[in-house]
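What follows is one structure encoded as structure tokens, with my remarks underneath.
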Amino acid sequence: DFLTWCHRQMMRLVVVVVASLFVAAWGFAPGTAPRRPATRLSMQDPTKVWYADLANGVQNLLTNSPLNQGKKAVVKLLAGPYDEAATRAKLEQLVADEPVLMLSFTK
């Protein structure tokens, strides 16, 4: 059926993106970038790692790519018709009620 086809297409898209990231990371050798002196921020921030700039670049590339627009279109197709105002109100209530909230796709 149509939803199964959409799900397969989304899974194929995910596989292509993950494979692309793997290939990009495979060609990136740690320690090949010139060493910069440690700055005060990087000494205090444990999330500043050698691959952070690479990850940010890949994220920006994917966010601004046609793949992202295709993903949004598939998600809208899978969602089908719904009451936008009621959904937004429910989402805003969840955010207001919970100090930490994680939303994800479900089957």
Side-chain angles (χ1 to χ4, degrees):
D1 81 322
F2 180 72
L3 289 178
T4 303
W5 178 84
C6 287
H7 185 260
R8 285 188 185 136
Q9 296 305 314
M10 182 60 82
M11 290 297 109
R12 286 182 181 139
L13 178 63
V14 168
V15 168
V16 168
V17 169
V18 169
S20 299
L21 292 174
F22 179 76
V23 169
W26 187 266
F28 187 80
T32 58
R35 285 287 223 189
R36 289 178 271 159
T39 63
R40 185 173 199 175
L41 178 62
S42 65
M43 290 173 22
Q44 293 175 352
D45 186 357
T47 63
K48 288 287 186 181
V49 291
W50 61 268
Y51 51 84
D53 289 335
L54 173 67
N56 289 337
V58 170
Q59 175 66 32
N60 290 336
L61 177 71
L62 292 176
T63 299
N64 300 320
S65 76
L67 286 176
N68 193 42
Q69 298 305 317
K71 179 184 77 170
K72 288 179 184 179
V74 169
V75 169
K76 285 182 179 183
L77 278 173
L78 292 174
Y82 64 97
D83 183 349
E84 282 189 54
T87 303
R88 174 143 322 267
K90 177 66 175 175
L91 179 61
E92 288 174 359
Q93 186 63 48
L94 287 170
V95 170
D97 290 347
E98 300 295 331
V100 176
L101 178 67
M102 181 177 153
L103 302 175
S104 181
F105 292 101
T106 60
K107 278 187 162 181

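If you read the sequence from its start, that first residue is 1, and numbering goes on from there.
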**Message:** Could you check whether atom CD of Gln69 has more than 12 heavy atoms from other residues, nucleotides or ligands sitting under 6.0 Å from it?
**Reply:** yes

**Message:** Check for me, please, whether Val95 and Leu103 land in the same ILVMFWY cluster - side-chain distances under 4.5 Å, paths through other members count.
**Reply:** yes

**Prompt:** How would you list, by chain and number, every residue that makes a side-chain hydrogen bond (donor to acceptor under 3.5 Å, both in side chains) with Gln93, sequence neighbours excluded?
**Reply:** Asp97

**Request:** Would you give the length of the straight line joining atom CZ of Arg88 to atom NZ of Lys90, rounded to the nearest 0.5 angstrom?
**Result:** 15.0 Å

**Complete:** Rounded to the nearest 0.5 angstrom, the CG-CD distance for Leu94 and Glu92 is 10.5 Å

